[in-house]
Amino acid sequence: MLSELREMIWADWIWFPEGHGWADLKDHDGLVFPKAQDLWAALPIALCFLIIRPIFERMVAIPQASLLGVSDKKRVCAHPNPTLESYFCKTSKHPTQSSIESLSKQTDWSVQRVQRWFRRRRNQDRPSKLKKLQEASWRFTFYFLAFYAGLAVLIDKPWLYEMKQMWDGFPKMPLMPSQYWYYMVELGFYISLVFSVASDVKRKDFKEQMVHHVATIVLLSFSWLVNYTRAGTLVMLLHDASDYLMELAKIFSYAGWKRTCNCIFTVFAAVFIITRLVFLPFWIIHTTVVYPLTVYPPFFIYYLFNGLLFVLQALHIFWAALIVHIVIKFLPGNNIVEDERSDKEESESEDDDHDHEQREKSMNGHGEIHQYHDSARL
């Protein structure tokens, strides 16, 4: 039963166009081809990334933050209150006005004090600017090195300049050592991102990011299995071309270098739109969707591979809309770039808090509501 299922899953007609099969990917005459077992190498590489990352953040990112003048801001912790804590954890972090008034009666606290407690409690869960800089520094370093390493791997390859060369001799295209390591390192990094998601900064596009990571891992894995490696290397290169610029803009934003951040973000926006909304759909995806049908009849993995590319393209359109929105916001007013995905910290004056607490005591828990303004941070 299992052997029959295995044979059905790995049937040549599923993975390759008619007339081709797994036999085409057997090593011969010194030529090496991708194999399914090669993908296991990505797991220890992912583990290495997970081990190296905290060391990098401690040894490189923290000193970098110190040089840029970024440090953890001391936060005022919310006073322990079981009733409010239970509501915060089980019901809502942002209670309605009626709920606040109800909680005020239950705790015998003023409405103002309950509001301040929720503000402080929300801030406790938000990542610090230092943590955000550490994450941005780690990703910038990887994307920067990956982009220029990928460029070095592909600079002399004909399919970098002529898209149709991606299919020249498919699937009997020999694998080069540089392609192998480029693939495994990139795949290992994206696997490490999935495992580190619990400790990473949570953003509003968390679900989209997870879909992106999973789609990328599946795309790289399947493209490796059927020797779509030429298309895969081009997709990876286009992604890395803009990602390191985004992380660099974040670093300067956390440091308060407003003009530098804005300039880099503008360059990032231009590179993102050109690579992911022009080159990817009109060059690479067009070549993987249209050209193969002029050479081979369609087959199952052809649909799967291109379907995953369309998923990535849809996400790129989603993020491009956010990027354009940010650029439109900061250019006219020359404001600092804000990451629309980030949760914003609510600021308040400690002196005002002290005055309010004294007033609350003297007024038996009743006082005027003080207005606080959110301070937007990347």
Side-chain angles (χ1 to χ4, degrees), residues 50 53-54 57 72-136 192-215 250 254 315 318-319 322 338-378:
L50 292 173
R53 177 174 175 174
E57 291 181 348
D72 274 332
K73 177 185 176 182
K74 186 177 180 181
R75 292 173 174 171
V76 181
C77 295
H79 189 274
N81 187 301
T83 302
L84 299 182
E85 184 68 27
S86 176
Y87 187 95
F88 182 88
C89 295
K90 297 178 181 180
T91 307
S92 174
K93 296 181 180 181
H94 298 272
T96 62
Q97 184 62 33
S98 59
S99 297
I100 290 176
E101 292 173 358
S102 174
L103 291 169
S104 173
K105 295 176 181 179
Q106 293 178 44
T107 58
D108 198 26
W109 282 11
S110 69
V111 169
Q112 178 188 19
R113 191 176 181 186
V114 172
Q115 289 176 323
R116 183 164 56 251
W117 187 95
F118 274 95
R119 249 192 313 272
R120 290 178 174 179
R121 184 63 183 84
R122 286 193 295 267
N123 281 340
Q124 284 180 218
D125 287 350
R126 292 188 175 105
S128 66
K129 187 183 292 187
L130 178 60
K131 177 175 174 57
K132 291 180 180 180
L133 188 143
Q134 288 177 288
E135 181 178 314
S192 73
L193 291 182
V194 172
F195 282 101
S196 65
V197 69
S199 59
D200 285 346
V201 175
K202 298 292 189 302
R203 293 186 169 89
K204 295 176 182 178
D205 66 342
F206 171 77
K207 293 180 180 179
E208 289 82 1
Q209 284 282 3
M210 285 302 300
V211 171
H212 178 272
H213 296 338
V214 173
K250 289 181 184 179
Y254 303 142
L315 291 171
F318 168 78
W319 282 314
L322 291 180
E338 294 178 2
D339 188 342
E340 294 291 324
R341 306 169 300 158
S342 294
D343 198 9
K344 297 176 182 179
E345 184 172 337
E346 299 160 285
S347 64
E348 57 185 351
S349 168
E350 292 183 27
D351 292 337
D352 287 346
D353 286 348
H354 178 72
D355 292 340
H356 282 308
E357 288 172 358
Q358 295 298 323
R359 192 183 307 142
E360 287 166 8
K361 291 177 181 178
S362 63
M363 298 177 65
N364 193 26
H366 298 284
E368 297 180 358
I369 299 177
H370 181 68
Q371 301 296 324
Y372 294 100
H373 299 281
D374 292 344
S375 60
R377 295 183 175 89
L378 186 68

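Counting from 1, the numbers follow the sequence of the chain as shown.
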Say you draw a straight line from [atom1] of [X] to [atom2] of [Y]; how long is it, rounded to the nearest 0.5 Å?
X	Y	atom1	atom2	value
Arg113	Asp108	CZ	CG	9.5 Å
Gln112	Ile100	CD	CD1	11.5 Å
Glu135	Lys250	CD	NZ	6.5 Å

With heavy-atom distances below 4.5 Å as the criterion, would you say the side chains of [X] and [Y] are in contact?
X	Y	answer
Leu84	Gln106	no
His79	Arg116	no
Arg53	Gln134	no
Arg121	Glu85	yes
Thr107	Trp117	no

Over all heavy atoms of both residues, which pair between [X] and [Y] is shortest? Give the atoms and the distance, please.
X	Y	result
Leu50	Ser196	CD2-CB, 4.0 Å
Ser110	Ser104	C-OG, 3.6 Å
Pro95	Phe118	CD-CD2, 3.7 Å

Query raised in the report: Given Gln97 and Val111, is the side chain to side chain contact (heavy atoms under 4.5 Å, CB included) satisfied, shown in steps?
Result: CA-CA 9 Å; Gln97 184 62 33; Val111 169; 3.8 Å; yes
